[in-house]
Novice: 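Handing you a structure now.
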Number of protein chains: 2
Amino acid sequence: MDENEAFTSKRRRAPSQKRSRERVEAILEAATGLIAETGSDAMRMSEVAERAGISIGSLYQYFPDKSAIIRTLAERYNADGRQCIESALDEVRDMAGLREAFGGLIDTYYGLFLAGPVMRDIWSGMQADKSLREVELLESRANGELLAAVLKRLKPGADPEMLARSAFLIMSLGESTMRLAISVDPDEGAALVETYKRMVLRELAEI
Amino acid sequence: MDENEAFTSKRRRAPSQKRSRERVEAILEAATGLIAETGSDAMRMSEVAERAGISIGSLYQYFPDKSAIIRTLAERYNADGRQCIESALDEVRDMAGLREAFGGLIDTYYGLFLAGPVMRDIWSGMQADKSLREVELLESRANGELLAAVLKRLKPGADPEMLARSAFLIMSLGESTMRLAISVDPDEGAALVETYKRMVLRELAEI
DNA sequence: GTTGAACATGAGTAGTCCTCACATTTGCAA
DNA sequence: TTGCAAATGTGAGGACTACTCATGTTCAAC
């Protein structure tokens, strides 16, 4: 989850700190704009460099390859999402609270999804890249663990392994649902998210 | 759903029928082999042509681009899957029958998924290509309609639109679950599919 | 002021999908 | 059978893009 992970392996690291941080930000900002405008697939490394005001060569000093830029952005968005899940879940005290919190959580999360063209683009295309798929998998696991922790507290009798699996699947399918929802028209998308929510709430009740 | 759709728009069509059918088959077979060996991403058009025993130029007479080959393969696999769903569902007479049929269906479908390295590869990378995503969406819709038809028969009182949406989501999330399942270790994958099955059966019961 | 290491540069490399001008084959009328 | 136009096959090369590397520049420390 270290954001500098992107260049720990291959690239020169920790240069004259401040300037390099600025440059990394400039790169990410440029990439964000380009992805919002044209999609990550059509984003060209030369354009990123130009918009960030640096040369291609420098660009490759800060990120080892194109997918590292996208991965860094994905990880930032994921961190936002995780925080939103965490804060929604951590004051849950009973099943009724969980139902309410989860319902609100889905809406908030879906809102994040809808709001960010960059997030939408990255998540739609995510399966293309193995390293991005791994990021997504880890994210679902982390989110699943947050949910599982609450469930264990609320259902001390249940098989913990089963709870963990359900929680993981629920979180992972939540993201699948949102990806599906943004690829159909908005009304249907919203209805699908509601359907997912209903399904999960039923599962949570009877788990 | 016309398999020749791939070249109705751009390419010369309906040549001296027999030979061209053989060539199309040779191309698809070559592509299948290469995808199984190296993955669709690493599959090179030059390799496909070579293995099919034709030149690159000819290859492009039969398929307008690389993604058309993959799409054609995906459509074939989808047709298999749909048939399997159709035959599992069409003799369902009551809810108990549906539960049984659906349970078996998921296992069969997951078996198809596990068995074919080509299918696995194509489905993992599917999100990369917009046209493939559309194929997948249409497929989920078709499968959803098969399920919705049964549900309408069994639950004449329920809101048909809601049934349709649930059915669509169930089918779509089924594919998501299987994609997830094949990207973790086999034991966990199987357990996740079971969890999905349990969730859906509960939903079907109380819908 | 000198030096040398960190950093920046962008023309060039490698590797891909796909095209197109030309060669070959095929169907068929004379 | 033969001639010939249309259908089909060919593969070197075009166009494009992620990424590299030899060369130039900056700058901190002495």
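To find a chain, count down the sequence lines: A is the first, B the second, and so on, and within it residues start at 1.
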Novice: Under a 3.5 Å distance rule, please check whether B:Arg82 uses its side chain to pair with a backbone N or O of B:Glu139 as donor and acceptor.
Specialist: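 Looks like no, no N/O pair under 3.5 Å.
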Novice: Would you say B:Tyr62 places a side-chain N or O within less than 4.0 Å of OP1 or OP2 belonging to D:dG9?
Specialist: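 Yes, because at least one side-chain N or O of B:Tyr62 sits under 4.0 Å from OP1 or OP2 of D:dG9.
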Novice: Whole Å only: how far is the CD1 atom of A:Ile27 from the P atom of C:dA8?
Specialist: 9 Å
Novice: Is there a side-chain polar atom (N or O) of B:Arg23 under 4.0 Å from OP1 or OP2 of D:dT8?
Specialist: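 So the side chain of B:Arg23 is outside the cut-off, no N or O lying under 4.0 Å from OP1 or OP2 of D:dT8.
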Novice: Could you tell me the separation between the OH atom of A:Tyr60 and the C1' atom of C:dC7, rounded to a whole number of Å?
Specialist: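 Rounded to whole Å, this separation is 18 Å.
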Novice: Just the rounded figure in Å: distance from P of D:dC16 to CE of B:Met45.
Specialist: 19 Å
Novice: Give me the atom names and distance for the closest heavy-atom approach of B:Leu98 to B:Val92.
Specialist: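 The answer is N-CG1, 3.5 Å.
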Novice: Among side-chain atoms of A:Arg133 and B:Ser183, is any donor-acceptor pair under 3.5 angstrom?
Specialist: no
Novice: Just the atom pairs and distances: protein N or O near nucleotides 10-14 of chain C's N or O, under 3.5 Å.
Specialist:
residue: C:dG10; atom: N7; partner: A:Gly57; partner atom: N; Å: 3.4

Novice: Spell out, as yes or no, whether a donor-acceptor pair under 3.5 Å connects the side chain of B:Glu47 to the backbone of B:Arg44.
Specialist: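 Yes, because the side chain of B:Glu47 sits within donor-acceptor range (under 3.5 Å) of the backbone of B:Arg44.
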Novice: Please report, rounded to the nearest Å, how far the C1' atom of D:dA18 is from the CZ atom of A:Arg44.
Specialist: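 Between C1' of D:dA18 and CZ of A:Arg44: 10 Å.
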Novice: Ring of B:Phe168, cation from B:Arg141 - is the NZ or CZ under 6.0 Å from the centre and inside 45° of the axis?
Specialist: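 Yes.
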Novice: Parallel, tilted or perpendicular: which one describes the rings of B:Tyr196 and B:Phe102, with boundaries at 30° and 60°?
Specialist: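 Judged by the thresholds at 30° and 60°, the geometry between B:Tyr196 and B:Phe102 is tilted.
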Novice: Test of understanding: with side-chain hydrogen bond (donor to acceptor under 3.5 Å, both in side chains), list the residues that count as partners of A:Tyr110, not counting sequence neighbours.
Specialist: none
Novice: Distance check needed: C:dT9 C1' versus A:Glu50 CD, whole Å only.
Specialist: 14 Å
Novice: In whole angstroms, how far is the C1' atom of C:dT19 from the CG atom of B:Leu59?
Specialist: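 Checked: the CG to C1' distance equals 13 Å.
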Novice: Please examine the side chains of A:Leu151 and A:Leu204, heavy atoms only from C-beta on, and report whether any two atoms are closer than 4.5 Å.
Specialist: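 Yes; the side chains approach each other to less than 4.5 Å.
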Novice: Write down the distance between CD1 (A:Ile70) and C1' (D:dA18), rounded to a whole number of angstrom.
Specialist: 12 Å
Novice: Just how far, in rounded Å, is P of C:dC17 from CZ of B:Phe63?
Specialist: 15 Å
Novice: Expected output check: what is the dot-bracket annotation of DNA chain D, where ( ) and [ ] are pairs inside the strand (brackets for crossing ones), | is paired with another strand, and pairs are Watson-Crick or G-U under 3.5 Å?
Specialist: ||||||||||||||||||||||||||||||
Novice: Spell out, as yes or no, whether a donor-acceptor pair under 3.5 Å connects the side chain of A:Lys66 to the backbone of A:Ser40.
Specialist: yes
